[in-house]
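Following: one structure in structure tokens, then a few remarks.
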Amino acid sequence: MKAPALPAAYGFLASARSGGGRAPHAAFAAHGSLTDIHTSLPDQNLSAVLVHGPETAPEGAQARDADTAVLLAGELYNREALRSVLPPGPEPESDAQLLLHLLRHYGPHAFRLLNGRFAAVVATGRRVLLATDHAGSIPLYARVTPGEVTASTEAKTLSQHRHPRGFPLADARRVPGLPDVYQVPAGTVWDTDLESGTVEAHPVWRPPLSRRIVPEDEAVAAVRAALDEAVAVRVPTGDTPLVVLSGGIDSSGVAACAHRAAGALDTVSMGTDTSDEFAQARAVVDHLGTAHREITVPTADLLAQLPYAVWAAESVDPDIIEYLLPLVALYRELGGPARRILTGYGADIPLAGMHREDRLPNLDTAVAYDMATFDGLNEMSPVLSLLGGHWTTHPYWDRNVLDLLVSLEAGLKRRYGRDKWVLRAALADALPEETVTRPKLGVHEGSGTTSSFSLLLTGHGVAERSVREAKRHVVRELFDLTVVAGRHPSEVSTADTVRSVAERFARGAA
């Protein structure tokens with residue numbers, strides 16, 4: 001079963017009903033073609049709108065048998081291992097078919113076997129299963145009522161379907177401003193009774209809590225092998241991958257592995273007129289011999305894209321939006337045909353890369369906290385790159401890589417005075433020494449995003465002590481306009497929003 005160049009579907013809006021129905025209306029932020037589908041089963045009907053690549057056959061995103069239908073957005077990475085546990089028979093032609101076969105044998109426990117980047121809806125009998133991958137890297141939202149379950153990979157599409165009111169779901173994360181819309185937790189299957197609307201949550205993955213004491217050489221070899229494999233399964237045969245390259249250890253490591261897997265590599269770096277990391281990225285480009293491109297986005301243009309970042313990420317966390325804004329600007333500037341893009345995003349969480357002070361006794365506490373609170377931040381949502389029509393994937397959050405990195409004892413992560421030591425050691429022979437030893441710098445710092453956003457607010461009269469709180473108000477207002485009210489970000493002005501928030505702070509009303 002050959003890995004496709006791009007997934008059969010990037011996302012969906014689906015409605016499972018006990019009665020008749022038709023494909024719901026959807027307006028996605030993800031850029032792609034839309035296809036309506038309708039499947040009639042003995043006990044329910046499943047209708048959906050799929051968003052997919054312009055040259056991708058969306059049939060591969062769906063599969064069915066006599067009483068079960070599967071919709072799958074995204075892709076699976078451990079296909080060969082999954083096929084090995086199935087009885088002999090015709091080879092599944094798509095990831096959706098593979099999941100259907102697994103469900104026949106394992107039921108909902110099939111999701112415990114999957115390593116992928118996906119969101120899924122399964123209509124079976126009088127039940128509807130809603131599932132995300134272990135990281136929730138494709139967000140999945142739902143509104144549940146007796147007789148109907150509506151689910152979408154973008155919360156904004158559910159803002160158009162407010163009636164009838166949905167059931168409250170205990171212990172589930174509400175979406176701000178959208179009544180009765182909830183986000184399915186990462187690594188979880190919601191098993192929904194279609195007639196009653198009751199939901200049972202079944203965790204299928206959780207971050208490891210125990211830690212392993214491993215000899216240095218063994219840990220280094222394991223990290224290198226896991227990362228090599230995670231990158232290789234994300235590079236289809238004959239494809240030249242594109243890697244977003246900052247010149248830091250995370251993205252450079254992915255670039256080195258991708259170059260080895262594909263034999264050729266394209267790379268791209270992004271900066272602004274105030275700050276960039278182009279020189280650091282060029283050191284890696286020269287070392288690997290990649291086809292490289294540099295994109296400079298003027299700071300004013302970068303900040304003007306804040307509405308797009310909020311619209312895509314559907315997050316109200318200003319720190320997350322700052323991290324993601326440079327990537328959104330980059331993806332929108334790329335142009336060209338749809339590409340598969342690999343990133344180094346996410347390595348800091350399991351390796352405590354953002355905790356720079358030397359505090360080894362408490363470092364694992366920080367890792368445990370970060371792993372317990374990543375869910376719902378939507379940092380890895382594919383919609384960020386799909387604003388430009390491109391598909392991203394993040395090897396450091398491959399399930400096998402993540403299980404390994406999280407489980408290593410903290411002394412392997414902070415060692416000899418270096419952050420992320422085990423990763424640096426694993427890549428020491430694949431990258432220039434200056435890259436391996438380069439201190440950590442976040443993309444929002446390297447591009448000047450954080451300081452530029454702060455200066456925009458202080459320039460409108462916000463006191464420095466109030467900047468962080470003002471950022472929170474700006475992001476929430478942009479969320480309410482684009483996600484809740486459904487306005488296109490091209491109709492929303494960052495400057496006007498900042499001005500409005502600054503005026504409220506001046507009046508003491510914020």
Side-chain angles (χ1 to χ4, degrees), residues 76-82 84 112-117 133-135 137 187 205-235 241 243 248-262 284 288 342-355 360 363-368 370-371 374 380 393-433 435-438 440:
L76 304 179
Y77 299 125
N78 60 335
R79 297 179 183 93
E80 294 305 314
L82 294 171
S84 72
R112 299 181 187 275
L113 305 175
L114 306 183
N115 181 5
R117 174 164 169 72
D133 63 58
H134 62 285
S137 70
W205 182 86
R206 288 294 180 264
L209 294 177
S210 61
R211 300 295 184 257
R212 293 190 291 160
I213 300 174
V214 183
E216 282 187 2
D217 56 348
E218 183 179 330
V220 168
V223 169
R224 178 63 176 269
L227 186 59
D228 268 334
E229 174 64 18
V231 170
V233 297
R234 286 163 169 78
V235 179
V243 173
I249 188 63
D250 303 343
S251 63
S252 299
V254 170
C257 295
H259 189 272
R260 186 162 48 251
V284 180
L288 298 177
L342 279 69
T343 86
Y345 203 79
D348 283 321
I349 298 177
L351 289 170
M354 296 302 291
H355 302 283
L360 185 58
L363 194 66
D364 195 61
T365 299
V367 172
D370 288 346
M371 289 303 304
F374 76 86
M380 286 166 278
T393 180
H394 314 290
Y396 288 107
W397 275 66
D398 179 272
R399 194 185 70 177
N400 295 336
V401 173
L402 198 59
D403 281 343
L404 172 62
L405 295 182
V406 173
S407 68
L408 294 176
E409 59 94 6
L412 288 165
K413 300 171 185 182
R414 181 78 185 185
R415 206 172 190 90
Y416 307 123
R418 291 206 176 277
D419 63 284
K420 295 189 286 192
W421 175 85
V422 69
L423 178 64
R424 296 179 188 277
L427 296 167
D429 66 346
L431 293 168
E433 182 180 0
T435 304
V436 173
T437 58
R438 183 189 173 201
K440 166 67 187 174

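No hydrogens, no waters, no symmetry mates; every other heavy atom, side chains included, goes into these values.
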Legend entry - Pairs touching residues 413-432 that satisfy ring pair (Phe, Tyr, Trp, His ring centres under 6.0 Å), sequence neighbours left out: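 Pairs touching residues 413-432 that pass the test: Tyr416-Trp421.
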
Salt bridge (Lys or Arg N to Asp or Glu O under 4.0 Å) involving [X] - partner list, sequence neighbours excluded:
| X | result |
| --- | --- |
| Asp217 | none |
| Arg112 | none |
| Arg418 | none |
| Lys420 | Asp250, Asp348 |

Go through the structure and list residues passing side-chain contact (heavy atoms from CB on, under 4.5 Å) with [X], not counting sequence neighbours.
| X | value |
| --- | --- |
| Ser137 | Arg117, Asp133, Ala135, Met380 |
| Ala262 | Val235, Pro241 |
| Glu433 | Thr437 |
| Ala261 | Ala232 |

Inset, instruction - Only pairs at least two apart or in different chains count here, so list each salt bridge (Lys or Arg N to Asp or Glu O under 4.0 Å) that has a residue in residues 394-405. - result: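 Listed once each, the pairs are Arg234-Asp398.
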
Legend entry - Tyr77: partners by side chain to side chain donor-acceptor pair (under 3.5 Å), with sequence neighbours left out: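 Scan of Tyr77 (side chain to side chain donor-acceptor pair (under 3.5 Å), adjacent residues dropped) gives Glu75, Thr393.
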
Inset, instruction - With sequence neighbours excluded, tell me which residues meet ring-ring contact (aromatic ring centres under 6.0 Å, His included) with His394. - result: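 Checked His394 against ring-ring contact (aromatic ring centres under 6.0 Å, His included); zero matches.
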
Inset, instruction - Would you confirm whether His134, through its side chain, and Trp205, through its main-chain N or O, come within 3.5 Å as a donor-acceptor pair? - result: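 The answer is no, because no donor-acceptor pair under 3.5 Å joins these two groups.
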
